[in-house]
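Working notes, structure below.
Here the structure is a predicted model, which is why all the values come from computation and not from measurement. Order of the sequence lines fixes the chain letters, A, B, ..., with proteins taken first and strands second; residue numbering starts at 1 for each chain.
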There are 2 protein chains.
Amino acid sequence: MESKKLNIITNVLSAKKLKITHQRIVVYQAVMETNKHPSAEQVFERIKDNNPSISLATVYKTLETFVENELINKVSSPGGTMRYDAKRKHHNHIYITNTNEILDYEDEELSKILMNYLNKKKFSNLNITDIKLQIKGEKVNPSKGISIT
Amino acid sequence: MESKKLNIITNVLSAKKLKITHQRIVVYQAVMETNKHPSAEQVFERIKDNNPSISLATVYKTLETFVENELINKVSSPGGTMRYDAKRKHHNHIYITNTNEILDYEDEELSKILMNYLNKKKFSNLNITDIKLQIKGEKVNPSKGISIT
DNA sequence: CTCCAAATAAGAATTATTATTATTTAGTAA
DNA sequence: TTACTAAATAATAATAATTCTTATTTGGAG
Ligand SMILES: [Mn+2]
Ligand SMILES: [Mn+2]
Ligand SMILES: [Zn+2]
Ligand SMILES: [Zn+2]
């Protein structure tokens, strides 16, 4: 249960040769247990009650460390602030402009279509590292969710 | 020539019922005459020598006004700062991470493929305002350009 | 021309993020 | 175990990007 999850995290950190610290564990957990693409500030808010001595700067630095080690992703948002994403599998994002939410939009078929189309193109002098669709929109009813068929 | 361009700008501003000010004219020109997606600071840098009394805050405010009036677009970048885009026709962006450049990638065929694919999907409670492909990559040779076949 | 709502300049304030530095600690090895 | 040390952290200052405030100016309507 609790100890098993903790064990998984220590394994992940060890595999990247990162020191296992309490701060890294709680930041990692906080990012992993949500799909809301939190900002550094939001990660800090989520963990600070149970970890009163943790510093916001440490949260920023820890998240950066995770990004550098490819444990999480960093994504810019139309609101301007950087958000962090636990999902490592390739996926697209829907930016909800009236709520600042970022939703995942995973679509295997679409990814294949894009791959297939872009592979025919030749981009000289360019090393492509990522290709994703960015959908922007607003919730008609901000208090309700969005479903996709 | 000069006066003709000026005339076009005054017409554009008039059509949006915006007061025609010197500041708006030079900011509009600065954004229009480049495809480099400048930041507010970069727009300010470009115009300040010929307009020593213009204020950076005015540049910010003026760009926002243009965005609200749909004369230009605002786009977030992986570097975190907001950039402004004169091109109003639908197009995609290539973010060059090692030079902070934003390149336009216009592709009618791709746009159609995406439109076509996404129109089959039903997004409930979501009002889609924009769909674009975001390509991220790095220049192999940062001092050279990129060409696409 | 006069007038005034709107725009601007200047600078303060805010927000997001990064840098600095003294202190603490995880992991290593005696 | 304990001692050591490089790395991590806390606290806070600094910076960067953007927005706000307010006194002054001005475009354009009448
Ligand atoms: Mn910033
Ligand atoms: Mn910002
Ligand atoms: Zn995501
Ligand atoms: Zn563009």
Who passes salt bridge (charged side-chain N to carboxylate O under 4.0 Å, His left out) against [X], sequence neighbours left out?
{"X": "A:Lys74", "value": "A:Glu64"}
{"X": "B:Lys16", "value": "none"}
{"X": "B:Lys121", "value": "A:Asp107"}

Using the side chain to side chain contact (heavy atoms under 4.5 Å, CB included) definition, which of the options A:Leu18, A:Leu63, A:Thr65 pairs with A:Leu71?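 Only match with A:Leu71 under side chain to side chain contact (heavy atoms under 4.5 Å, CB included): A:Leu18.
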
Pairs under 3.5 Å (N/O, protein and nucleotides 5-8 of chain D):
{"from": "D:dA7", "atom 1": "O4'", "to": "A:Lys19", "atom 2": "NZ", "distance (Å)": "3.4"}
{"from": "D:dA8", "atom 1": "OP1", "to": "A:Arg24", "atom 2": "NH1", "distance (Å)": "3.3"}
{"from": "D:dA8", "atom 1": "OP1", "to": "A:Arg24", "atom 2": "NH2", "distance (Å)": "2.9"}

Please report, rounded to the nearest Å, how far the [atom2] atom of [N] is from the [atom1] atom of [X].
{"X": "B:Phe44", "N": "D:dA16", "atom1": "CZ", "atom2": "P", "result": "16 Å"}
{"X": "B:Glu64", "N": "D:dT18", "atom1": "CD", "atom2": "P", "result": "10 Å"}
{"X": "A:Lys48", "N": "D:dT9", "atom1": "NZ", "atom2": "P", "result": "19 Å"}
{"X": "A:Met82", "N": "D:dA17", "atom1": "CE", "atom2": "C1'", "result": "12 Å"}
{"X": "B:Glu45", "N": "D:dA17", "atom1": "CD", "atom2": "P", "result": "11 Å"}

Distance-only side-chain donor-acceptor flag, B:Ser39 / B:Thr81, under 3.5 Å: no

In residues 67-78 of chain B, which ones come under 4.0 Å of DNA chain C, going by heavy atoms? none

For DNA chain C, the residues among residues 30-40 of chain A that have a non-hydrogen atom under 4.0 Å from it: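 Close to the strand, none.
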
For [Y], is there any backbone N or O sitting under 3.5 Å from a side-chain donor or acceptor partner on [X]?
{"X": "B:Ser14", "Y": "B:Lys17", "answer": "no"}
{"X": "B:Ser77", "Y": "B:Met82", "answer": "no"}
{"X": "B:Asn125", "Y": "A:Asn141", "answer": "yes"}
{"X": "A:Thr10", "Y": "A:Asn7", "answer": "yes"}
{"X": "B:Asn116", "Y": "B:Lys112", "answer": "no"}

Which residue lies more 5' along DNA chain D, comparing B:Ile20 with B:Tyr60 via nearest heavy atoms: B:Tyr60

For the helix from C:dC1-D:dG30 to C:dA30-D:dT1, measure the angle between the helix axis at one end and the axis at the other, each built from five pairs, rounding to 10°. 30°

Under the side chain to side chain contact (heavy atoms under 4.5 Å, CB included) test, residues paired with B:Thr99 that sit two or more places apart: B:Ile96, B:Glu101, B:Lys139, B:Pro142

Who are the side chain to side chain contact (heavy atoms under 4.5 Å, CB included) partners of A:Lys89, not counting sequence neighbours? A:Glu106, A:Glu108

Aromatic contact, B:Tyr95 with B:Tyr105 (centres under 6.0 Å):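 Ring centres of B:Tyr105 and B:Tyr95 not closer than 6.0 Å.
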
Can you sort out the partners of B:His91 under ring-ring contact (aromatic ring centres under 6.0 Å, His included), two or more places apart, ordered by chain and number? B:His93

A:Lys132 atom NZ, over 12 foreign heavy atoms within 6.0 Å: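 Buried by this count: over 12 neighbours within 6.0 Å.
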
Can you tabulate the close N/O pairs, meaning under 3.5 Å, that link protein atoms to atoms of nucleotides 11-14 of chain D?
{"from": "D:dA11", "atom 1": "N7", "to": "A:Ser55", "atom 2": "OG", "distance (Å)": "3.4"}

Residue pairs, two or more places apart or on separate chains, that pass salt bridge (charged side-chain N to carboxylate O under 4.0 Å, His left out) and touch residues 37-46 of chain B: B:Glu45-B:Lys48

